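Take a look at the structure set out below.
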Amino acid sequence: MSDRLVIGGIELENRLFTGTGKFSRNTLIGDVIRESGSQVVTVAVRRIDFDSEQENVLLHIPKGCILMPNTSGARTAQEAVRIAKIAREAGCGNWIKIEVISDHKYLLPDNYETIKATEILAADGFVVLPYMSPDLMVAKHLKEAGAAAVMPLGAPIGSNRGLQTREMIRILIAEIDLPIIVDAGIGKPSEAAEAMEMGAAAVLVNTAIATAGDPVAMARAFSYAVKAGRTAYLAGPGAVKQFAEASSPLTGFLSQK
Amino acid sequence: MGFYDVYSMYYDFDFESFFQSVEEDDVRRVLSRDHLTELDFLTLLSPAASEHLEVMAQKANRLTVQHFGKVVFLFTPLYLSDYCVNHCVYCSFNAGNSTVRSRLTMAELEQEAQKIAETELKHILILTGESRLHAPLTYIKDAVQVLKKYFTSVSIEIYPLDMEEYRELIDTGVDGLTIYQEVYEEQTYAALHPAGPKNNYHYRLDAPERGCRAGMRTVGVGALLGLGDWRREAFITGLHANYLQKKYWDTEISVSLPRVRPSNGKFQPKNPVTDAQFVQILLAVRLYLFRAGVTVSSRERETFRDNILPLGVTKMSAGVSTKVGGHTRENQGISQFEISDERSVSEMSAMLLARGYQPIYKDWQL
């Protein structure tokens, strides 16, 4: 049975999305992406030097990957929209990961501005993947606004703290009829596996790979973890039991004759 | 309420007694915390903390890689004009120095811009002396328009402006503001800035906040280390950055740690800051303000700059000239201060890559 993730009409086999920031050199990026098996790669438009042949990060992304430019640095919906258009005009395709962050200390997303940007860009033909603080009502609004997927954070970006927001993400997975892609906070492969076991459609990992001692090996580890987690989800793990069920001390009397 | 109100709370603070009371356990306790209070920060600037630089460095390194990655942002300064009406005792542009002054014409600026753009840097910082006659706002705006053809980010380090004027510059394409208080201690400030508009301590102190309110994306503050008591100056600098970060959370706040350098006026700092003291300041700032950018300029020596890379530095200048027309003119003006690291952009990049850091030439475009 094929297990494909469909976003913006495109079928994806691989459910590990990767990023291109924070690497000690851009030349690592190609190997990392190949080793991760990732088909979707996010790049901050602010970092792309469209004029340069040497410094252009896009040159390091393997052919065939779907580029998901992000609006990192945008403080308002209006700035996010402008950045998205710069990316599209420069030939980066029509996928856009919206990041609207007006808090420079914790880098937490501004959900309100994110909804506004999603609405404008979806109407303009973009495949919009908004990064957000997990919140059910916001996710519903994002869906109505035309989002192609929803990308809740697991923990503050770059914090490597794992799925601190797991209960909220669980609700989004249960209630929102869109792919839920856990973005930010995943620090270890085991946490990526956990997100996939919960039913996340995919995970996006950047810092944990880029700042690892051996980023290429870490990319491979995440690739295994995402596949393991997805396989476990599809296999339908047995229910977690808090108590043994061998006897029925409280209701056993019902079957007594 | 402005930053002066925060500063005033420490006006009568007995720094000496506080420092004497700090013990090793206090330093350890602070180092185990994720979020530091003002007094935790001061604890890290204490003599007791100077015995724990390695532990501080390990933590600072982890935090920096976590928040910024293994990257260093590069930029270069461009001097537009060295006319100045101020009398800053430590500066070569001091109005009292009889020297030939000049400013770039727009044609000369275009040449400078082209020359710098060949390095592929996309971030430029423009500087002028303070002279509203020779480098008025209209001149700066014209310069920004020229530079925006070559650079995706233009920042200013010029005389302090009103909020409306900052707004005009933002509309022209400026996105960053750097303005150092030079020295926060008021009596020292008055003594070192005896005449000229810079004598107005409060107008300068509030300039970063006016920049934030006007909508600058990035605002940098700093004290010129060596002018005043370094522990106190570093402390107030950190408080200033924290004040701005808390109040203007959509502005990227950064801190610079410039050490005073010899200048044409032969100024010798009264309170020179040693390398170890500099490192202590850098580490304390990083641990207190984990998300703030930290800039280290070419005032610092090559080897020292290389060595402090992993300790919390996020931004460095490269290919630096502190003279008007320093990139193209044959007859260049005077240097604002003597630089210690003359490496070109490509030399800095090679050094960064060799040390496991990616040089970033472009980090903004709109």
Side-chain angles (χ1 to χ4, degrees), chain A residues 19-29 44-57 60 71-76 78-87 90 100-108 110 113 156-161 187 206-213 215, chain B residues 34-35 61-74 117-123 150-153 175 212 215-219 241-242 244-246 248-254 289-293 345-346 349-350 352-366:
Chain A
T20 51
K22 298 190 176 178
F23 284 95
S24 60
R25 53 194 163 85
N26 273 341
T27 45
L28 276 170
I29 291 171
V45 177
R46 67 194 290 182
R47 290 269 171 93
I48 307 172
D49 188 343
F50 297 104
D51 307 328
S52 173
E53 301 245 321
Q54 282 135 38
E55 297 301 324
N56 190 338
V57 61
H60 300 281
T71 64
S72 159
R75 299 182 292 178
T76 60
Q78 197 192 2
E79 286 186 352
V81 168
R82 279 181 66 184
I83 294 170
K85 288 181 177 171
I86 289 172
V100 183
I101 293 175
S102 50
D103 150 48
H104 275 286
K105 190 163 182 187
Y106 301 101
L107 300 180
L108 292 170
D110 183 331
E113 292 289 318
I157 199 163
S159 69
N160 287 351
R161 285 182 193 260
N206 181 26
T207 305
I209 294 175
T211 65
Chain B
D34 283 343
H35 292 265
N61 176 249
R62 274 198 308 278
L63 277 174
T64 312
V65 171
Q66 180 191 331
H67 289 288
F68 296 90
K70 293 177 178 174
V71 305
V72 172
F73 304 100
L74 294 181
E118 283 172 13
T119 66
E120 301 204 327
L121 280 184
K122 295 289 177 191
H123 288 233
Y150 301 92
F151 304 98
T152 59
S153 167
D175 54 78
C212 290
M216 288 285 177
R217 292 187 52 77
T218 63
V219 169
N242 184 56
L244 295 169
Q245 200 174 52
K246 259 194 136 134
Y248 303 96
W249 32 272
D250 58 348
T251 310
E252 270 182 61
I253 304 298
S254 63
L289 303 163
F290 56 89
R291 271 292 316 169
V345 173
S346 58
S349 294
L352 289 170
L353 284 167
R355 288 181 175 255
Y357 285 84
Q358 186 190 161
I360 303 275
Y361 288 16
K362 172 174 179 274
D363 192 44
W364 185 241
Q365 174 177 12
L366 194 64

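No experiment lies behind these values; they were computed from the predicted model shown. Naming: A, B, ... by sequence-line order, numbering from 1 per chain.
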Would you please test B:L366 and A:E79 for side chain to side chain contact (heavy atoms under 4.5 Å, CB included) and show each step? CA-CA 7 Å; B:L366 194 64; A:E79 286 186 352; 3.8 Å; yes
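- Between B:D175 and A:R46, none of the side-chain N atoms (NZ, or NE/NH1/NH2) sits under 4.0 Å from a carboxylate O, so this pair counts as no salt bridge.
- Contact annotation for A:S72: only backbone heavy atoms (N, CA, C, O) come within less than 4.5 Å of a heavy atom of chain B.
- If you tally non-hydrogen atom pairs under 4.5 Å between each of B:T251, B:L353, B:L352, B:T152 and chain A, the highest count goes to B:T251.
- One distance of note links CZ of A:R47 with CZ of B:F73; it measures 4.0 Å at 0.5 Å rounding.
- Scanning both residues, B:H35 and A:Y106, for their nearest heavy atoms gives CE1-OH, 3.2 Å.
- For a residue to count as touching a neighbouring chain, one of its non-hydrogen atoms must lie under 4.5 Å from one of that chain's; by this rule B:F68 touches chain A with the backbone only.
- Checked by atom type and distance alone, the side chain of B:R217 pairs as donor or acceptor with a backbone atom of A:G73 at under 3.5 Å.
- In this structure, no portion of A:D110 lies under 4.5 Å from any heavy atom of chain B.
- At a 4.5 Å heavy-atom cutoff, the contact between A:L107 and chain B is made by side-chain atoms alone.
- When every heavy atom of B:R291 is checked against every heavy atom of A:K105, the shortest pair comes out as CG-O, 2.6 Å.
- For B:Y248, no part lies under 4.5 angstrom from a heavy atom of chain A.
- Among A:I101, A:T207, A:D49, the residue making the largest number of heavy-atom pairs under 4.5 Å with chain B is A:D49.
- A distance of 9.0 Å separates OG1 in B:T218 from NE2 in A:H104, rounded to the nearest 0.5 Å.
- Between A:I48 and B:Q365, the shortest heavy-atom contact is O-OE1, 4.2 Å.
- Interface summary for chain A: among B:K246, B:E252, B:K362, the most heavy-atom pairs under 4.5 angstrom belong to B:K362.
- Side-chain atoms of A:K22 come within 3.5 Å of backbone N or O of B:Q66 as a donor-acceptor pair.
- Across every non-hydrogen atom of A:S24 and B:G356, the tightest pair is CB-O, 3.0 Å.
- Note that the NE2 atom of B:H67 and the OG1 atom of A:T211 stand 11.0 Å from one another [nearest 0.5 Å].
- The minimum heavy-atom distance between A:I83 and B:W364, with the atom names listed, is CD1-CH2, 3.9 Å.
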Go through it in stages, so that I can follow the logic: the residues are A:D51 and B:K122, the test is side chain to side chain contact (heavy atoms under 4.5 Å, CB included), and I'd like the CA-CA distance, side-chain angles, deciding distance and then a yes or no. CA-CA 10 Å; A:D51 307 328; B:K122 295 289 177 191; 3.1 Å; yes
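- Taking CG from A:L28 and NZ from B:K70, the interatomic distance works out to 8.5 Å, rounded to the nearest 0.5 Å.
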